[in-house]
Amino acid sequence: ARVDGKVKVEWLGHEFYRFTSPKGVVVITSPWLGNPDGPVPLDSLAKTDFILVPNGHNDDMGSPLDIAALSGATVLAPGPLGNFLIGAGLKREQFRRAGIGDQFTAKGITFKIAPSGHDNTLANGADGGPSAAFMVKRKIFEIDGVPILDAYGLIVKAAEAMVEIA
């Protein structure tokens with residue numbers, strides 16, 4: 001059953017957003033702590049449940065290792081990028097593969113993953129696999145009737161990948 005209430009949306013700089021569901025579940029995107037529009041103090045992210053990492057670029061991947069270590073959050077990322085993060089210190093049990101076309105529910109939130117045309121070269125030069133798009137369902141995540149845009153400016157559509165409050 002859906003919980004009525006508003007989703008709190010906070011822009012933390014660049015492509016870094018924090019969404020807090022009516023039940024208090026916190027989802028962050030592209031967590032670049034040192035972004036030029038921030039910076040964002042690490043301790044302000046201690047209450048984080050999910051970290052969405054679409055690709056391996058510094059400005060998109062950000063600092064998931066530090067945030068996951070502090071908060072215990074689950075990191076959602078494409079498989080090769082997740083393996084890179086595990087090799088860099090992410091606990092395996094904190095990784096959830098975000099495969100294109102996947103849909104799953106965790107902590108009452110349904111995640112759907114769509115493809116992104118963005119490059120996914122990792123910091124070590126290796127191919128990070130397909131880049132993922134994490135978009136949100138318009139009915140749930142709107143600000144004054146205006147749908148949230150994803151990091152690459154695509155209008156969010158209900159038929160595309162979504163994060164839906166269950």
Side-chain angles (χ1 to χ4, degrees), residues 10 12-21 24-35 38-137 140-141 148-154 156 160-166:
E10 299 169 85
L12 303 176
H14 195 60
E15 297 169 5
F16 190 178
Y17 289 88
R18 175 173 32 208
F19 299 96
T20 304
S21 80
V25 178
V26 177
V27 178
I28 62 173
T29 66
S30 300
W32 184 20
L33 295 176
N35 76 77
V40 177
L42 176 61
D43 62 353
S44 70
L45 300 167
K47 172 60 177 120
T48 299
D49 296 291
F50 298 101
I51 304 168
L52 308 182
V53 181
N55 64 66
H57 293 182
N58 186 49
D59 61 338
D60 297 317
M61 180 169 59
S63 309
L65 298 174
D66 297 330
I67 299 165
L70 174 68
S71 66
T74 299
V75 175
L76 281 65
L81 176 54
N83 289 333
F84 173 81
L85 292 171
I86 290 167
L90 179 67
K91 293 179 182 176
R92 184 170 298 280
E93 61 270 16
Q94 286 182 269
F95 170 66
R96 175 74 188 240
R97 180 183 170 275
I100 305 308
D102 285 355
Q103 178 175 327
F104 56 90
T105 300
K107 292 193 176 186
I109 300 198
T110 300
F111 295 89
K112 286 183 74 178
I113 292 75
S116 170
H118 200 285
D119 174 64
N120 194 13
T121 303
L122 300 176
N124 63 5
D127 180 4
S131 189
F134 302 96
M135 295 175 266
V136 293
K137 189 172 183 179
I140 303 300
F141 291 96
I148 304 296
L149 302 180
D150 80 355
Y152 306 106
L154 298 175
V156 177
E160 295 175 329
M162 63 188 80
V163 176
E164 178 181 87
I165 304 301

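Keep in mind that the numbers below use all heavy atoms, side chains included, and drop hydrogens, waters and symmetry copies.
Looking at heavy atoms from C-beta onward, D49 lies out of side-chain contact with V27 at the 4.5 angstrom threshold. Taking the side chain as every heavy atom from C-beta outward, L45 and L12 approach each other to under 4.5 Å. Side-chain contact check for L85 versus V75: some heavy-atom pair is nearer than 4.5 Å. Looking only at side-chain heavy atoms (C-beta outward), R18 and V26 come within less than 4.5 Å of each other.
When all heavy atoms of P39 and G34 are compared, the pair lying nearest together is CB-CA, 4.2 Å. A pairwise comparison of heavy atoms in P31 and M61 identifies CD-O, 3.3 Å as the closest pair. Of all heavy-atom pairs spanning P54 and P78, the tightest one is O-CG, 3.7 Å.
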Pair F104, R96 - check side-chain contact (heavy atoms from CB on, under 4.5 Å), show working. CA-CA 10 Å; F104 56 90; R96 175 74 188 240; 3.1 Å; yes
List the steps and the verdict of side-chain contact (heavy atoms from CB on, under 4.5 Å) for I67 and L33. CA-CA 9 Å; I67 299 165; L33 295 176; 4.1 Å; yes
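Among K91, Q94, R92, the one residue that satisfies the side-chain contact (heavy atoms from CB on, under 4.5 Å) test with I86 is R92. For the side-chain contact (heavy atoms from CB on, under 4.5 Å) with P64, the qualifying choice from V53, L76, T48 is V53, the only one to do so.
Interatomic distance, L70 CG to L65 CG, rounded to the nearest 0.5 Å: 12.5 Å. One finds the CZ atom of F16 at 11.5 Å from the CH2 atom of W32 (value rounded to the nearest 0.5 Å). Expressed to the nearest 0.5 Å, how far OG1 of T74 lies from CG of L90 amounts to 9.0 Å. Here the straight-line distance linking atom OG of S71 with atom CD1 of I28 works out to 7.0 Å at 0.5 Å rounding. Taken from CG in N35 to OG in S63, the straight-line distance is 9.5 Å, to the nearest 0.5 Å. In this structure, CG in L52 is found 12.5 Å from CD in E15, a value given to the nearest 0.5 Å.
S21 places a side-chain N or O within donor-acceptor distance of the main-chain N or O of V25, the cut-off being under 3.5 Å. One N or O on the side chain of D102 and one on the backbone of G99 form a donor-acceptor pair closer than 3.5 Å.
Summarising the local packing, NZ of K47 is surrounded by more than 12 heavy atoms from other residues, nucleotides or ligands at distances under 6.0 Å.
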